[in-house]
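One structure is given here, and the rest of the page talks about it.
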Amino acid sequence: MTNLEIGLWSFPALMVLIFLRVPIGLAMFVAGFVGITLLNGGSPNIALAKLKSESYGSFSNYSLSIVPMFLLMGHFATLGGLSQALFKAAEGWLGHRKGGVAMAAIGACAGFGSICGSSLATAATMSRVALPELRKYGYAGGFSTAALAAGGTLGILIPPSVVLVIYAILTEQNIAKLFLAAFIPGILAAVGYILTISIYVRVNPGSAGIRPRVPYAERFRALVAVWPVLVVFVAVVGGIYGGIFTPTEGAAVGALGTGLIAYLNGGLTWTTLGESFTVTARATAMIFFIVLGAGFYNGFLAQTQVPQELSNWVVTQGFSPMTVLTIILVFYLVFGCLMDSLSMILLTIPIFFPVVSALDFGMSPEHVAIWFGILVLIVVEVGLITPPVGMNLFIINAMDRSTPMIETYKAVMYFVASDIVRVIILVMFPAITLFLLP
Amino acid sequence: MHRTFLWLARVMAILGGITLCALILITCASIVGRTLNTVLHYDAVAGGVATWLLGLGIGPIKGDVELLEAGMAFTIFAFLPLAQMTNGHASVDIFTDWLPRRTRLVLRMVIEWVFAAALVVIAVQLNEGLASKARSGQTSLLLQFPVWWGYAGALLGATVTAVVSIYMAGVRTAEAATGRTLLADEQGADH
């Protein structure tokens with residue numbers, strides 16, 4: 001076999017492993033290890049030698065250390081009662097409208113997303129706060145869980161975002177610029193979900209109850225109570241853009257800030273601190289093992305020349321850039337139904353990114369990279385709420401056992417439709433994504 | 001036995017968490033020091049007090065990035081045993097759900113052994129890396145601490161991870177042999 005053939009055969013081999021329920025990080029690690037061994041005539045020495053520094057190198061990466069810090073920050077924010085405060089404020093202003101409590105949940109998710117880099121954490125924490133309220137005011141089970149699952153994706157669409165950090169490292173782009181570019185699409189997502197809710201309650205009038213108006217004095221009091229969220233967001237995101245500190249330092253500032261808030265609000269005890277550590281540990285370990293496996297596999301793939309050959313082939317075929325982009329995005333939508341977002345990004349970006357970079361979209365290479373990153377971020381996040389294996393759906397359904405999964409599936413399709421409309425708009429008008437960039 | 005291993009994994013996770021917090025504090029202190037240093041150097045405020053403060057050595061923490069990187073390697077390796085013990089790794093399970101129960105158990109046993117083998121190889125090679133760094137006497141750029149110290153911290157976590165993964169492979173083997181579920185699946189990892 002030629003090197004190129006070994007590289008191409010590794011795809012089906014990897015897919016078989018993953019579908020046999022081999023953990024994704026391990027599957028990529030094994031495929032990379034075997035692949036490098038085959039490239040070297042069956043000797044594992046090169047692969048073993050690579051491992052001497054590969055694991056230490058991936059785990060001590062300065063940019064990647066953002067990941068555990070953001071995860072800890074999200075947990076501290078929950079302990080500090082910030083999710084509660086956000087929902088209360090949003091509910092005061094929106095709750096009396098038709099479908100208003102669900103809209104408030106979306107608004108609160110967007111607010112929480114601005115201090116949390118993870119979708120599942122946002123979905124889980126907001127569900128704990130908002131689900132009881134939704135049920136209390138007569139919102140249908142499937143509608144409530146679907147709205148929260150969709151709202152959870154705002155955790156990662158609105159910066160800071162763990163997935164964007166990984167994308168930035170893989171494609172060697174500026175993390176701060178990617179965060180900036182994600183801002184308007186993130187707001188659009190929240191607005192889109194709120195519109196979706198207002199359509200849903202008109203199509204299904206029985207799905208939402210009425211909540212009485214809240215007096216303005218109380219509304220303003222609730223709004224004032226969310227000031228810590230604003231302070232942390234401005235400190236972290238402002239500090240990064242202002243060039244006062246690096247994204248990693250920003251994550252440290254955010255973790256310390258939310259930790260202090262949690263402590264001052266009495267949410268941080270030895271028990272909850274230990275719990276924060278174990279939750280952060282599990283999530284971090286999962287992400288970093290995938291990063292390690294993907295690094296190994298991608299190193300192998302680069303050696304086989306598959307990514308370059310593939311991008312050359314696509315360019316010589318003369319497909320229109322938009323066709324190629326559409327195929328890639330549809331691929332992500334389909335695969336997102338099966339795989340988690342981070343694994344997909346780590347697995348596919350090293351292959352797709354050279355292809356997209358080689359095409360002419362009439363923009364600078366940096367703008368293409370950022371625009372493509374935001375589009376990919378959105379389509380992989382849609383995977384979190386698409387049946388059958390949308391992780392957000394599972395997390396929330398596990399909290400609301402009285403709602404059958406099928407009800408959630410039915411209602412969530414409205415939100416998936418809203419996502420697809422947004423992707424089409426962002427593909428047609430790159431300027432929306434690139435607007436804030438200098 | 002299970003309790004002991006779970007306890008070990010938790011202790012490692014908490015040690016990793018404490019290290020992470022220390023790194024966060026160092027990073028923040030360094031930002032404060034750097035900012036103050038810049039402010040104090042402005043001519044307008046460079047009075048006696050400013051000179052005195054600068055004389056005390058107010059500034060960024062020397063080698064903060066090196067410390068962060070070395071500490072992070074320990075943190076991540078210390079986090080791994082818990083994910084290993086609690087089935088915390090991401091996988092795709094919709095295609096295996098239709099397999100017969102016994103086949104699923106055997107499949108799982110095989111996967112867990114492959115995982116254990118991979119983690120043992122990772123730990124052994126990390127030890128090799130440590131040895132070569134110790135031989136070369138390579139030190140970090142600013143603080144001049146030997147690079148192998150960072151490797152040693154990582155190796156501690158990697159070793160516990162390897163040990164714990166062998167235990168888990170043993171558990172899955174017992175499950176496949178007896179057909180009984182000894183450990184229920186926990187909720188998927190949060191990310």
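Between the CZ atom of F79(B) and the CG atom of L71(A) there is a distance of 9.0 Å, given to the nearest 0.5 Å. In this structure, CD in E249(A) is found 8.5 Å from SG in C28(B), a value given to the nearest 0.5 Å. Separation of atoms CZ (R21(A)) and CG (L99(B)) is listed at 10.5 Å; rounding is to 0.5 Å. To the nearest 0.5 angstrom, S63(A) atom OG is 9.0 Å from E69(B) atom CD. The line from OG1 of T284(A) to CE of M72(B) is 9.0 Å long, rounded to the nearest 0.5 Å. Within the model, atoms OG of S55(A) and OH of Y151(B) stand 7.5 Å from one another, a figure rounded to the nearest 0.5 Å.
The two residues L107(B) and L20(A) make their nearest non-hydrogen contact at CD2-O, 3.4 Å. Minimum interatomic distance between Y56(A) and A154(B) (heavy atoms only, all atoms of both residues): CD1-CB, 3.9 Å. Nearest approach of P23(A) to S91(B), heavy atoms of both residues: CA-CB, 3.9 Å.
Within the 4.5 Å cutoff, no side-chain heavy atoms of P68(A) are placed close to those of T75(B). Annotation: side chain of I18(B) is in contact with side chain of F277(A) (closest heavy-atom distance under 4.5 Å). Proximity of V22(A) to V114(B): side-chain heavy atoms (C-beta onward) are nowhere separated by under 4.5 Å. Counting heavy atoms from C-beta on, the side chains of V253(A) and I24(B) never come closer than 4.5 Å. With contacts defined as side-chain heavy-atom distances shorter than 4.5 Å, the pair I14(B)/L273(A) does not qualify. Residues Q84(B) and R282(A) fail the side-chain proximity criterion, which asks for heavy atoms closer than 4.5 Å.
If you measure heavy-atom distances from A123(A) to chain B, you find no contacts under 4.5 Å at all. Contacts of L72(A) with chain B are made by side-chain atoms alone, with heavy-atom separations under 4.5 Å and no backbone atom involved. Neither the backbone nor the side chain of L64(A) comes within contact range of chain B, judged by heavy atoms closer than 4.5 Å. Contact annotation for L25(B): only side-chain heavy atoms (C-beta onward) come within less than 4.5 Å of a heavy atom of chain A. In this structure, chain B has heavy atoms under 4.5 Å from both the backbone and the side chain of I18(A). When heavy atoms are compared at a cutoff of 4.5 Å, N127(B) does not approach chain A at all. Looking at L126(B), both its backbone and its side chain come within 4.5 Å of chain A, counting heavy atoms on both sides. Using a 4.5 Å cut-off between heavy atoms, F19(A) contacts chain B through both its backbone and its side chain. For V30(A), the part lying near chain B is the side chain, with the backbone staying farther off; criterion is any non-hydrogen pair under 4.5 Å. For L80(B), the parts sitting under 4.5 Å from any heavy atom of chain A are the backbone and the side chain alike.
Environment of OH in Y241(A): crowded, with over 12 heavy atoms of neighbouring residues, nucleotides or ligands closer than 6.0 Å. In R180(B), the CZ atom is not crowded: 12 or fewer heavy atoms of neighbouring residues, nucleotides or ligands sit closer than 6.0 Å.
Side-chain atoms of T278(A) and R10(B) include no donor-acceptor pair closer than 3.5 Å.
Annotation: maximal heavy-atom pairing with chain B below 4.5 Å, among F59(A), F33(A), F245(A), Y62(A), occurs at F59(A). Interface check for chain A: of the options T27(B), I31(B), L20(B), the most heavy-atom pairs under 4.5 Å are formed by I31(B).
Within the 3.5 Å criterion, the main-chain N or O of L48(A) finds a donor-acceptor partner in the side chain of Q125(B). Formation of a donor-acceptor pair under 3.5 Å by the R34(B) side chain with backbone atoms of I244(A) is found in this model.
Taking the six-membered ring wherever Trp is involved, the centroid distance between the rings of F289(A) and F115(B) falls below 6.0 Å.
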